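Each chain gets a letter, A, B and so on, in the order its sequence line appears, and its residues count up from 1. As the structure is a prediction and not an experimental result, all values here were calculated from the model. Just so it is clear, the values below take in all heavy atoms, side chains as well, and ignore hydrogens, waters and symmetry mates.
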Amino acid sequence: MSSGCWSPLPGMADLGPPEIRLWQRVEADARRILALYRVEELRTPILERTSLFQRAIGEETDVVQKEMFTFEDRGGRSLTLRPEGTAGAIRALCDVGAEAGSRVFYLGPMFRAERPQAGRRRQFHQLGVELLGPPAPEADAECIALMWRILSEWGLADARLRLHTRGTVADQPAVREGLRARLAEVRDALCEDCQRRLDRQPLRVLDCKQAGCQQLMAGLPALTTFLAEDSRRYLDRVATLLSSLQIEAMVDGRLVRGLDYYEHTIWEATHPALGAQDAIAGGGRYRIEAEGRVVEGVGFAIGLERVMMALQARGVAPPPDPAPAVWLVSVGDRATAENLVLAERLRSAGVPCGADWSGRSVKAQMRAAHKAGAVWAAVRGDEELAAGTCRLKHMASGEERTVAVDELAAVVSGPA
RNA sequence: GUGGAUGUAGCUCAGCUGGCAGAGCGCCAGGUUGUGGCCCUGGGUGUCGCGGGUUCGAAUCCCGUCAUCCACCCCA
């Protein structure tokens, strides 16, 4: 409501109950699947040297050009909050000397200084996977299968998967020049943005949403015609492998990735329940030169906020608040103090237990027990303290009986 | 970075031909000297985003500003 120091920064949100429970469920589902694929967690710093991202992602990309949170530390070093996870993961894996065969996932916040809108935050969260190893269609297909299985586990198998290739590094000049030459013929018909893209990022023109440009793109020869034969065969192979896995992927020549490190296979999953920002996951094969060595791998990242939006659009609600087995109701100051001790005893016995220490009326405390969804309410006053008992009420039936305090844990743990 | 819409109670919102700031839900208390839900009664919990201006008088009209949402752009 206000912009004071007590409200979060634009595009950055607090996340707590009840939504956090859906996040926890989604994360637990993903971890279970990842274990099946022998992919282990990697946690890297969210702050890195700016040069890491410039080198890995590409100096000319939009992400590096205008979307990074970059600042100088006290020593004048340029630091950046990670805008994506691959660069840091590769850096970390090189650091520990990991080689082809490393299989890791990461889960955490990423930062991009964009204008917030539906499905786009400045701090957002990704689940990413990196499978290191040299190019092999089977490796790419396995990676896509993993992503698809995670989405399916979440109930998002109605996502749409699009597939394409960037070709190899060697193909890039031919693709750029070929595309540029064909586009130059229609230059004047392109929108302003695209005319500018022509020189620096001709591939981006394919992605333009302007109706006029889209029509022109439709008339262009397939991107693959500019690629070497081997690159085309690689894409065909991945597509064939996916259909053998019953994964439906549409080969789409207009699919583009924004980061420079991709080569060969690229893909993206969009979800029909989302708005303008409908990509829930994207990935590809990459090749990153790090300190004189070349790291090859294949990976993807899933945007968790968008996953939550898709789930909510599908009517998936956060799991319910965990209800306490028993709620302690205190009559008088002595009982209140004694109930604190009792609560700890119950918890030591593994019994989820709630109470309030406000000294309010029994009526108010019972109301709190009801609201918390407690199965039982245990009432204690001076009389019960003297007798070593409590009045135990079963909330659903309203039945009430006297139970020895020493037996309370056993009774409330047993069948209601 | 550009454009449009919206900011009133904890939440959802009404009030906007300028004239005492409201509803529903929620919350609190009572109806039950020690018992929840349903019902009844009572309680408004507020910097009308913020700062100026016009006016006898502004939540309402004007200007500015901040924030949020949506879209462009870009991407997960």
Touch class at under 4.0 angstrom, heavy-atom based, for [X] against every strand present:
X	value
A:G283	nothing
A:A369	nothing
A:E268	nothing
A:E84	nothing
A:G11	sugar-phosphate
A:E305	nothing
A:G398	base
A:A364	sugar-phosphate

### Query
Parallel, tilted or perpendicular for A:Y234 and A:H264, by the 30°/60° rule?
parallel

### Query
5'-most contact on RNA chain B: A:A301 or A:L9, nearest heavy atom basis?
A:L9

### Message
By nearest heavy atom, map A:M395 and A:S361 onto RNA chain B; which one lands nearer the 5' end?
### Response
A:S361

Could a donor-acceptor pair under 3.5 angstrom be found where the side chain of [X] meets the base of [N]?
X	N	result
A:R306	B:C75	yes
A:K393	B:G36	yes
A:E384	B:G34	yes
A:Q365	B:U35	no
A:R120	B:C74	yes

To the nearest Å, give me how far apart [atom1] ([X]) and [atom2] ([N]) are.
X	N	atom1	atom2	value
A:M309	B:C70	CE	C1'	11 Å
A:R122	B:G1	CZ	C1'	11 Å
A:F105	B:A76	CZ	C1'	17 Å
A:W327	B:G34	CH2	C1'	18 Å
A:M366	B:C38	CE	C1'	15 Å
A:E130	B:A76	CD	P	12 Å
A:D382	B:U33	CG	C1'	15 Å
A:L328	B:G34	CG	C1'	15 Å

### Message
Name the residue from A:L255, A:I247, A:L242, A:D252 that meets the side chain to side chain contact (heavy atoms under 4.5 Å, CB included) definition with A:L163.
### Response
A:L242

### Summary
Only residue of A:R391, A:E338, A:R334 satisfying side chain to side chain contact (heavy atoms under 4.5 Å, CB included) with A:R380 is A:E338

Given [N], is OP1 or OP2 found less than 4.0 Å from the side-chain N or O atoms of [X]?
X	N	result
A:R360	B:C28	yes
A:R367	B:A29	yes
A:Q117	B:A71	yes
A:R121	B:U68	no

Span that lies between the [atom1] atom of [M] and that of [N], in whole angstrom:
N	M	atom1	answer
B:G44	B:A14	C1'	16 Å
B:C62	B:C16	P	15 Å
B:G24	B:C20	C1'	23 Å
B:G22	B:G30	C1'	25 Å
B:U32	B:G36	P	11 Å

Nucleotide nearest [X] (side chain, heavy atoms from C-beta), chosen from [options]:
X	options	answer
A:R391	B:G34, B:A67, B:U2	B:G34
A:E67	B:C74, B:A71, B:G31	B:C74
A:V379	B:G34, B:C75, B:G3	B:G34
A:Q126	B:C73, B:A76, B:C72	B:A76
A:Q277	B:C75, B:U68, B:A71	B:C75
A:E114	B:G37, B:U68, B:A76	B:A76

### Query
Under 3.5 Å, is there a donor-acceptor pair linking the side chains of A:T80 and A:E48?
no

### Query
If you measure only the distance, is there a donor-acceptor pair under 3.5 Å linking the side chains of A:S358 and A:R360?
yes

### Query
Would A:W376 and A:H394 count as a close aromatic pair, with their ring centres under 6.0 Å?
yes

### Message
Centre-to-centre under 6.0 Å for A:W327 and A:H370, is that the case here?
### Response
no

### Message
A quick test of your reading: do over 12 heavy atoms of other residues, nucleotides or ligands sit less than 6.0 Å from CZ of A:R162?
### Response
yes

